Number of protein chains: 2
Amino acid sequence: MGQGALTKERIFQAALKAFALHGYEGARMDKIAAEVDINKATLYFHFKSKEDILRELFQDIVLKYRDKMNAIVTGCKDMPCKERLKTIYREYLEYNLDNAEMDFWNRIYYLPPTNLREEIISITSESKKEFVANLACIMEEGIKQKELQQMNPSHMAYTFYNILTCIDLSSGLMSKEQALLEMDNCFEVLWNGIKGM
Amino acid sequence: MGQGALTKERIFQAALKAFALHGYEGARMDKIAAEVDINKATLYFHFKSKEDILRELFQDIVLKYRDKMNAIVTGCKDMPCKERLKTIYREYLEYNLDNAEMDFWNRIYYLPPTNLREEIISITSESKKEFVANLACIMEEGIKQKELQQMNPSHMAYTFYNILTCIDLSSGLMSKEQALLEMDNCFEVLWNGIKGM
DNA sequence: GTCTATAGGGAGATAGAC
DNA sequence: GTCTATCTCCCTATAGAC
């Protein structure tokens, strides 16, 4: 791996920060270059265009996210239901809060460049479906084991997921500690609604 | 009210659309002028700057939102608890889904122009607190009436609010009908967790 | 109040030397 | 692979006529 590959990786990191902080339109190629401490023109040796940087970055981050989610779900597969859900809940939050990659995703999802809009929304939707499907399996298992109520597992999974994703909306309004605390409270309310009698 | 006031209102509407669709950075003054069918220079007779349009627009929208939320909460104050929460839930969603003003708010909240960042986050945070406080009162009342469980009313309110706000995240991924349906399911799960025994 | 014209400053991207 | 220099376009904002 030569110098080039290293530079490309550093461009990735700088671009991630820039897109997360300022969005696609607001991110500036010259600022990214300055952050990497290379000339602006050098960016165009490594990437065809600004849009190209975004596309590659997005694909990378989606893959990492998917791997992480699968690892979280798998890592706790032998726990009893409540403990398992709580573990997923906490690890999801830990991964998302103060994570530049998730900031990036949220911002790019909200204001995608027109050309990539369809692709970004579609991939985001897929990713959500996959995670909710995983959760639904866990709910189904919990019902079988009588740890959960006889309810529609998809509805339970979707509700669980909704509460989780709200950290993305709220976390900018409070500290990470505060967010985790509030989320713990939400978990207890939710658990109360789905646990077996 | 002369021609000027009318033009200003039309600029507001066009700017709202532009900011909601493209964010602050992405919105273009010439496109806004074209939409209003006036010359670009005329914008600067009615507003000092682009930032100025955003500021006035944001303040207007926050006021309308606050009024609407208060109207929703007040309009159902004589209902029993479940019906009241369900009404708030539905009316909140109806107001938010497919509402350009709320799109605008979400996008501006996620990527505010640097100069207005603090102000926008602070106002958004206040607005949330106010709504959650209203909800907490309703929960407290419901507990008194034995319609709800003996739980911390703030936690219940916060959980309720979190599920609500997720429409903002999810509504871009599905149709309005689909979103309302999924939200109905979430409401039932939530209600199950807070209702009295 | 609204227009034409243009200032003035970036922005993304490229050519070509080293 | 990285640089200097530059092109070209686009955007916000203003000057000044009507």
Side-chain angles (χ1 to χ4, degrees), chain A residues 1-58 104 107-108 111-117 119-120, chain B residues 1-58 104 107-108 111-117 119-120:
Chain A
M1 189 154 83
Q3 173 77 14
L6 245 174
T7 303
K8 186 164 178 174
E9 179 54 34
R10 289 170 60 220
I11 293 173
F12 257 136
Q13 290 309 316
L16 172 68
K17 260 169 66 179
F19 286 135
L21 270 172
H22 306 112
Y24 180 74
E25 311 264 6
R28 300 306 175 196
M29 295 295 267
D30 55 349
K31 296 280 173 57
I32 294 173
E35 170 93 13
V36 180
D37 204 28
I38 56 173
N39 190 280
K40 187 174 59 163
T42 304
L43 292 178
Y44 291 90
F45 174 79
H46 293 279
F47 296 93
K48 210 172 92 279
S49 64
K50 187 182 183 182
E51 193 178 294
D52 207 51
I53 300 183
L54 181 78
R55 185 182 291 107
E56 286 196 35
L57 207 42
F58 183 69
F104 166 89
R107 292 195 168 154
I108 291 307
L111 276 177
T114 318
N115 290 339
L116 299 178
R117 196 187 143 80
E119 188 184 350
I120 287 171
Chain B
M1 189 154 83
Q3 173 75 14
L6 246 174
T7 303
K8 186 164 178 174
E9 179 54 33
R10 290 170 60 219
I11 293 172
F12 258 136
Q13 291 308 316
L16 173 67
K17 261 168 67 177
F19 287 135
L21 270 171
H22 307 112
Y24 180 74
E25 311 263 6
R28 300 307 175 194
M29 295 296 265
D30 56 350
K31 296 280 173 55
I32 294 174
E35 170 95 11
V36 180
D37 203 29
I38 56 172
N39 190 280
K40 189 175 56 165
T42 304
L43 292 178
Y44 291 91
F45 174 81
H46 294 278
F47 296 92
K48 209 173 93 279
S49 64
K50 187 182 182 182
E51 193 178 293
D52 208 50
I53 300 182
L54 181 78
R55 185 183 292 107
E56 286 197 36
L57 205 45
F58 183 68
F104 165 89
R107 291 194 169 155
I108 292 308
L111 278 176
T114 318
N115 290 338
L116 300 177
R117 195 187 144 80
E119 188 184 349
I120 287 170

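From a predicted model like this one, the values you see are computed outputs, not experimental measurements. In what follows, chains carry the letters A, B, and so on, assigned in the order in which the sequence lines appear, proteins first and then strands, with residues in each chain numbered from 1. Any value given below was found using the heavy atoms of this structure, including those in side chains, with hydrogens, waters and symmetry copies removed.
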Query raised in the report: Among all residues two or more places apart in sequence or in another chain, which pass the side-chain contact (heavy atoms from CB on, under 4.5 Å) test with A:Glu35?
Result: A:Ala14, A:Lys17

**Report entry** Interatomic distance where CD belongs to A:Glu25 and P belongs to C:dG10 [whole Å]
**Finding:** 18 Å

Query raised in the report: Taking OP1 and OP2 of D:dC3, is either one under 4.0 Å from a side-chain nitrogen or oxygen of A:Thr42?
Result: yes

Query raised in the report: Atom CZ of B:Arg10 and atom P of C:dG1: how far apart are they, to the nearest Å?
Result: 14 Å

Requested in this report: Under the side-chain contact (heavy atoms from CB on, under 4.5 Å) rule, collect the residues that match up with A:Glu119, sequence neighbours excluded.
Outcome: A:Arg55, A:Gln59, A:Leu116, A:Ile123

Query raised in the report: Would you say A:Arg107's side chain and A:Ala20's backbone share a donor-acceptor pair under 3.5 angstrom?
Result: yes

Requested in this report: Check the distance between D:dT12's P and B:Ile11's CD1 and give it to me in whole angstrom.
Outcome: 14 Å

Requested in this report: Look at the rings of B:Phe19 and B:Tyr24 and say which category their plane angle falls in: under 30° parallel, 30 to 60° tilted, over 60° perpendicular.
Outcome: parallel

Query - Euclidean distance, atom CZ of residue B:Phe47 to atom P of C:dG1 [Å, nearest integer] - result: 13 Å

Report summary line: Computed from five pairs at either end and rounded to 10 degrees, the angle between the axes of the helix from C:dG1-D:dC18 to C:dC18-D:dG1 is 0°

Requested in this report: For B:Ala33, answer base if it contacts any base atom (sugar-phosphate contacts may also be present), sugar-phosphate if it contacts only those atoms, and nothing otherwise; contact means non-hydrogen atoms under 4.0 Å.
Outcome: nothing

Query raised in the report: Once you round it to whole Å, what is the distance between P of D:dG1 and NZ of A:Lys8?
Result: 11 Å

Query raised in the report: What pairs with A:Ser49 under side-chain contact (heavy atoms from CB on, under 4.5 Å), at least two apart in sequence or on another chain?
Result: A:Glu51, A:Asp52

Report summary line: Closest of D:dT2, D:dT12, D:dC3 to the A:His46 side chain is D:dT2

Query raised in the report: Which distance, rounded to the nearest 0.5 Å, do you find between the NZ of A:Lys31 and the CG of A:Leu21?
Result: 11.5 Å

Report task. Grab the CZ-P distance between A:Phe45 and D:dT4 for me, whole Å please. Result -> 17 Å

Tabulate protein N/O versus nucleotide N/O from nucleotides 13-15 of chain D, keeping only pairs under 3.5 Å, one per line.
from: D:dA13; atom 1: OP2; to: B:Tyr44; atom 2: OH; distance (Å): 2.8
from: D:dA13; atom 1: OP2; to: B:Lys50; atom 2: N; distance (Å): 3.0
from: D:dA13; atom 1: N6; to: B:Lys40; atom 2: NZ; distance (Å): 3.2

Report task. Just jot down the ring-ring contact (aromatic ring centres under 6.0 Å, His included) partners of A:Tyr44, sequence neighbours excluded, or say none. Result -> none

Query raised in the report: In Å and rounded to the nearest 0.5 Å, what is the NZ to NE2 distance from A:Lys8 to A:His46?
Result: 8.5 Å

Report task. To the nearest Å, give me how far apart CG (A:Leu6) and P (D:dG1) are. Result -> 11 Å

Query raised in the report: Would B:Glu25 and A:Arg28 satisfy salt bridge (Lys or Arg N to Asp or Glu O under 4.0 Å), going step by step from the backbone distance to the final call?
Result: CA-CA 12 Å; B:Glu25 311 263 6; A:Arg28 300 306 175 196; 3.7 Å; yes

Query raised in the report: Rounding to a whole Å, what distance do you find between B:Asp30:CG and C:dA5:P?
Result: 17 Å

